[in-house]
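Written below as C-alpha cells is the structure these notes are about.
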Amino acid sequence: MRSTTATLPDKTEAANPPSKTFVFVRRVEDYIELTKPRLVAMILITTAAGFYLGTQHPVNWMLFLHTLVGAGLTAAGVLGLNQYLERDIDSRMERTQQRPLPAGRMHPMEALLFCAFLTGSGMLYLTFLVNPLSGLVISLIVVSYLFIYTPLKRKTSLCTLIGAVPGALPPVVGWVAAQGSLSGAAGVLFAILFLWQLPHSLAIAYIYRDDYANAGLKLLPVIHPDGASTRHQIVINCVALFGIGLLPTLFNIAGGIYFFAALLVGGMFLASGVYLQKTHSVKAARYVLYASLLYLPLIFITMAIDKI
C-alpha cells in the first residue's frame, strides 16, 4: 500500500511545475555532466603539457589553443558516448544511477547525437586546424576507447590494461600537435600516463567492486574478490611508475627540479600502494586514489616548469 507522503512530491510538482529557467538550467547541467568536465580538465592538463614539452621554439599560442579546443571537444564527446554505450550498466550501479541517461533525464538518442557531434568536430578540428598526425592520434583514442576497451569491460579483466592505452595518448596528442612528428620523448610521456592509470583504475575498482559486480563488469577485484591480485598489481605498477617517472630527466625533457619532484611524488604514490598491500582496507584504497589524483597534475606541471 502506497503511503500518502510518497505521493506528495508528485502532487506538489503537478501543482507547481518548475519554471522554464529551472528546466533550462537543469538541462544545461545534464549536458555538462554527460561530458565529465573534471576528467576532461585532467586530459587537457596532460595534452597541454605534451604540447609545451614538445615545443622546440617559442610557443605558438594560437596552435596551442587550437590543440586544446580539438582535444577538449573530442574528450567530452567520447566520455559522453561511453555513457551512452554503458547506460544499462550505469543504471545498475549506485554510484552512477543518477547520471542523466540512467536517471531518465535525457533521451539516449539525444545524448548520442550531441556526443557524436562533439567527437567528430574535435577530430576534424585537430586534423585540419592543427595537423593530420594529431587528428590520427586522437582518432586512435576514440576507436580504442569506445570499441575495444568499453565492450571488453563486460568480458575480461584485461580491459584495464587495454583501456590504459587510449588513456595514455593525450600527451602524445599535444606532442605531435607541437612537433608534427613522434619521438622517444613522446613515448616516455605515454609510458608515465599508461603506468599511472593502472593503480588509479584498480583502486577505483577495489573501492566499488560490489557495485561493479552487480553491473556484471569483469574487473580484477570482481573476478578475484579477495583483492590480493588487485593489491599486487597496484604495487607492481607503482614501482614501475616510480622508475619510469624519472626518465624525463634522462631524455632531456626536464631537469633536476623535476627529478627530485618525481622522486617525492612517486614515492608518495608507491607508499600508498604498499599501505594498501598491508592493510587490505577500502580506506587504504582511497589513499591510493587520492595519491594518483595528486601525482598526475603535479608531475606534468613540474615537468613543464622545469623543461629543458
Side-chain angles (χ1 to χ4, degrees), residues 38-39 41-65 67-68 71 130 133-134 137 164-165 167-203 233-277 287-308:
R38 286 183 294 181
L39 190 50
M42 190 75 78
I43 291 169
L44 290 181
I45 288 174
T46 58
T47 303
F51 184 98
Y52 181 72
L53 293 167
T55 299
Q56 297 177 328
H57 43 74
V59 177
N60 183 335
W61 293 109
M62 185 57 66
L63 187 64
F64 176 76
L65 179 61
T67 301
L68 293 189
V130 180
L133 186 55
S134 65
V137 177
V165 174
L169 285 172
V172 180
V173 172
W175 184 278
V176 300
Q179 287 204 358
S181 62
L182 286 168
S183 68
V188 170
L189 301 182
F190 173 87
I192 290 173
L193 201 50
F194 179 87
L195 290 169
W196 169 85
Q197 283 182 94
L198 297 174
H200 171 79
S201 300
L202 289 173
Q233 287 298 319
I234 286 175
V235 173
I236 286 176
N237 286 287
C238 283
V239 170
L241 180 60
F242 183 77
I244 295 296
L246 303 177
L247 288 182
T249 302
L250 300 179
F251 276 76
N252 293 319
I253 300 172
I257 295 174
Y258 168 81
F259 183 85
F260 288 107
L263 278 176
L264 178 63
V265 181
M268 172 196 69
F269 199 2
L270 176 57
S272 70
V274 172
Y275 181 65
L276 173 61
Q277 181 74 286
Y287 288 152
V288 175
L289 178 59
Y290 298 150
S292 72
L293 293 174
L294 283 172
Y295 179 92
L296 195 62
L298 286 175
I299 212 76
F300 274 94
I301 290 172
T302 306
M303 202 185 305
I305 291 173
D306 198 33
K307 175 187 174 183
I308 293 178

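Predicted model only: the values in this text are computed from it and were never measured. Reckoned from all heavy atoms, side chains included, excluding hydrogens, waters and symmetry mates.
- Residues passing the side chain to side chain contact (heavy atoms under 4.5 Å, CB included) test with Phe194, sequence neighbours excluded: Leu161, Ala164, Val165, Ala168, Phe190, Leu198.
- For the atom pair SG (Cys238) and CG (Leu202), the distance works out to 9.5 Å, reported to the nearest 0.5 Å.
- Judged purely by atom type and a 3.5 angstrom limit, Trp175 has no side-chain atom pairing as donor or acceptor with the backbone of Leu53.
- If you take CG on Leu296 and CD on Gln197, they are separated by 8.5 Å, rounding to the nearest 0.5 Å.
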List the steps, then state whether side-chain contact (heavy atoms from CB on, under 4.5 Å) holds for Leu293 with Met42. CA-CA 9 Å; Leu293 293 174; Met42 190 75 78; 4.2 Å; yes
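- Residues Gly180 and Leu133 come closest through the heavy atom pair O-CD2, 3.7 Å.
- Ser181 approaches Val176 most closely through the heavy-atom pair O-CG1, 3.6 Å.
- Of all heavy-atom pairs spanning Val130 and Ala177, the tightest one is CG1-CB, 3.5 Å.
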Just do the side-chain contact (heavy atoms from CB on, under 4.5 Å) check on Phe51 and Leu63 with the steps written out, would you? CA-CA 9 Å; Phe51 184 98; Leu63 187 64; 3.9 Å; yes
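- Residue Pro170 comes nearest to Thr46 through the heavy atom pair CB-OG1, 3.5 Å, listed as atom of the first residue, atom of the second, then distance.
- The only member of Leu270, Ile234, Val235 that meets side-chain contact (heavy atoms from CB on, under 4.5 Å) when paired with Pro199 is Ile234.
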Applying side-chain contact (heavy atoms from CB on, under 4.5 Å), run through Ile253 and Leu247 and close with a yes or a no. CA-CA 9 Å; Ile253 300 172; Leu247 288 182; over 6 Å; no
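- Taking all atoms of both residues into account, the shortest heavy-atom contact from Leu189 to Gly50 is CD1-CA, 4.1 Å.
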Considering only distance and modelled atom types, tabulate donor-acceptor pairs under 3.5 Å from the side chains of residues 300-308, sequence neighbours left out.
residue: Thr302; atom: OG1; partner: Leu298; partner atom: O; Å: 2.6
residue: Asp306; atom: OD2; partner: Gly255; partner atom: N; Å: 2.9
residue: Asp306; atom: OD2; partner: Gly256; partner atom: N; Å: 3.4
residue: Asp306; atom: OD2; partner: Ile257; partner atom: N; Å: 3.1
residue: Asp306; atom: OD2; partner: Tyr258; partner atom: N; Å: 2.9
residue: Lys307; atom: NZ; partner: Tyr52; partner atom: O; Å: 2.8
residue: Lys307; atom: NZ; partner: Thr55; partner atom: O; Å: 2.4

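- Taken to the nearest 0.5 Å, the OG atom of Ser292 stands 14.5 Å off from the OH atom of Tyr287.
- Using a 4.5 Å heavy-atom cutoff, the side chains of Leu169 and Leu193 are not in contact.
- Applying the ring pair (Phe, Tyr, Trp, His ring centres under 6.0 Å) test between Phe269 and each of Tyr275, Tyr295, Phe242, Tyr290 identifies Tyr295 as the sole match.
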Starting from the C-alpha separation in whole Å, work towards a yes-or-no answer on side-chain contact (heavy atoms from CB on, under 4.5 Å) for Leu246 and Leu263. CA-CA 7 Å; Leu246 303 177; Leu263 278 176; 4.0 Å; yes
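- Across all their heavy atoms, Thr67 and Gly174 have their closest contact at CG2-CA, 4.4 Å.
- Between Val265 and Leu294, the closest side-chain pair of non-hydrogen atoms is not below 4.5 Å.
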